[in-house]
Amino acid sequence: MAFWLMKSEPDEVSIDDLAAAPDRILPWFGVRNYQARNFMRDTMRIGDLAFFYHSGCAEPGIAGICEVCSEPYPDATQFVAVDPYFDPKSKPEQPRWWLRDVRFVKKTPYLTLAELRSYPELANMRLLARGNRLSITPVSDAEWAFITEQLMEQQ
DNA sequence: GCCAACGTTGGC
DNA sequence: GCCAACGTTGGC
């Protein structure tokens, strides 16, 4: 099993939105970056766990954990002409953008970006790399263990 | 295949 | 709202 970090703007889809969705499942729509798409389409497996990260908000940070729960399938928004994620170059017979569903696992203590940056154990975390903009990044076993066991279990 | 121009992300 | 960093596009 692999671990991931997936960014979402909470104004669009937050951890609470995922928790409130039918069956607590939502498609991870809107990814329009090839590297992030490849992670989602080719590398992820059902059962992988991901940090649900809130970006583009007053205090960005990890808000919870979700689980990859479907095989990849085409992102429907790419074909909808009035959709913000419409891609006129993508054809239904050869979709460019793929996604998977994720299922709510739990909310966690909110770990801000600033706090994450303060731990030497996370110095090499992809999220924290200079200029990183990727919306889906791998998380190492050690990083996952440190965050879930050391940072989220404290009272 | 190079690279300038442009658009986007995302923290601040 | 600003701007650094990065990805994509398209002319050559």
Side-chain angles (χ1 to χ4, degrees), chain A residues 2-21 26-44 48-68 70 72-140 142-144 146-148 150-152 154:
Chain A
F3 302 111
W4 305 92
L5 182 141
M6 302 172 76
K7 297 180 185 175
S8 179
E9 298 190 11
D11 285 351
E12 189 167 20
V13 181
S14 70
I15 187 75
D16 290 325
D17 294 329
L18 181 59
L26 287 174
W28 201 264
F29 65 91
V31 168
R32 295 295 180 269
N33 168 282
Y34 290 105
Q35 204 175 344
R37 178 206 65 183
N38 291 346
F39 280 143
M40 192 155 46
R41 186 189 62 182
D42 306 331
T43 315
M44 280 182 176
D48 283 0
L49 294 176
F51 292 127
F52 193 116
Y53 179 90
H54 285 178
S55 67
C57 53
E59 194 144 51
I62 294 172
I65 292 174
C66 60
E67 175 186 10
V68 176
S70 82
Y73 63 96
D75 181 341
T77 62
Q78 70 193 302
F79 304 122
V80 180
V82 297
D83 194 282
Y85 293 112
F86 177 60
D87 182 350
K89 294 180 180 172
S90 184
K91 301 300 166 209
E93 61 274 18
Q94 196 172 0
R96 181 180 290 196
W97 305 113
W98 296 69
L99 53 67
R100 291 177 188 249
D101 291 340
V102 299
R103 179 188 295 120
F104 177 86
V105 173
K106 62 178 177 179
K107 289 183 77 168
T108 63
Y110 199 79
L111 297 175
T112 67
L113 179 61
E115 183 180 352
L116 294 171
R117 284 194 193 285
S118 74
Y119 299 107
E121 291 89 341
L122 302 179
N124 295 322
M125 200 174 174
R126 189 80 173 267
L127 170 75
L128 307 180
R130 184 168 176 266
N132 170 63
R133 296 189 331 190
L134 257 190
S135 63
I136 298 178
T137 50
V139 173
S140 75
E143 291 159 354
W144 184 272
F146 178 75
I147 293 172
T148 57
Q150 304 300 317
L151 306 185
M152 292 177 170
Q154 296 173 0

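All of these numbers come straight from a predicted model, not from anything done at the bench. Below, chain A is the first sequence line, B the second, and so on; all start at residue 1.
Rounded to whole angstrom, the span from the CG atom of A/N132 across to the P atom of B/dG10 amounts to 8 Å. The distance between atom CD of A/E9 and atom P of B/dG10, rounded to the nearest whole Å, is 7 Å. Distance CZ (A/R96) to C1' (C/dT9): 11 Å, rounded to an integer number of Å. Distance, A/L113 CG to B/dG10 P: 11 Å, rounded to whole Å. Whole-Å rounding puts the A/R130 CZ to B/dG10 C1' distance at 15 Å. Taking atom CG of residue A/N33 and atom C1' of nucleotide C/dT9, one finds them 15 Å apart after rounding to whole Å. In this structure, the CG atom of A/L127 is 16 Å from the P atom of B/dT9, given to the nearest Å.
For B/dG11, one of the phosphate oxygens OP1 or OP2 lies less than 4.0 angstrom from a side-chain nitrogen or oxygen of A/Y53. Remark: A/K7 is in phosphate contact with B/dG10, judged by side-chain N or O atoms under 4.0 Å from OP1 or OP2.
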Quick one: side chains of residues 115-123 of chain A, donor-acceptor pairs under 3.5 Å with protein atoms, not counting sequence neighbours, listed by atom name and distance.
residue: A/E115; atom: OE2; partner: A/Y119; partner atom: OH; Å: 2.8
residue: A/R117; atom: NH1; partner: A/L128; partner atom: O; Å: 3.2
residue: A/S118; atom: OG; partner: A/E115; partner atom: O; Å: 2.6

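Considering A/W98, A/Y73, A/F52 in turn, A/F52 is the only one that fulfils the ring-ring contact (aromatic ring centres under 6.0 Å, His included) rule with A/W28.
Ranked by how close their nearest DNA chain C nucleotide is to the 5' end, A/K89 and A/Q35 are led by A/Q35.
The existence of a salt bridge linking A/D87 and A/R32 is excluded, since no basic side-chain nitrogen approaches an acidic carboxylate oxygen closer than 4.0 Å.
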Can you pull every protein N or O that's under 3.5 Å from an N or O on nucleotides 5-8 of chain B?
residue: B/dT8; atom: O2; partner: A/R133; partner atom: NH1; Å: 2.6

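By the 30° and 60° cut-offs, the orientation of the rings of A/Y85 relative to A/F29 is perpendicular.
Among residues at least two apart or in separate chains, salt bridge (charged side-chain N to carboxylate O under 4.0 Å, His left out) pairs with a member in residues 54-68 of chain A are A/E67-A/R103.
A/Q78 places a side-chain N or O within 3.5 Å of a backbone atom of A/D75 that can act as its donor or acceptor partner.
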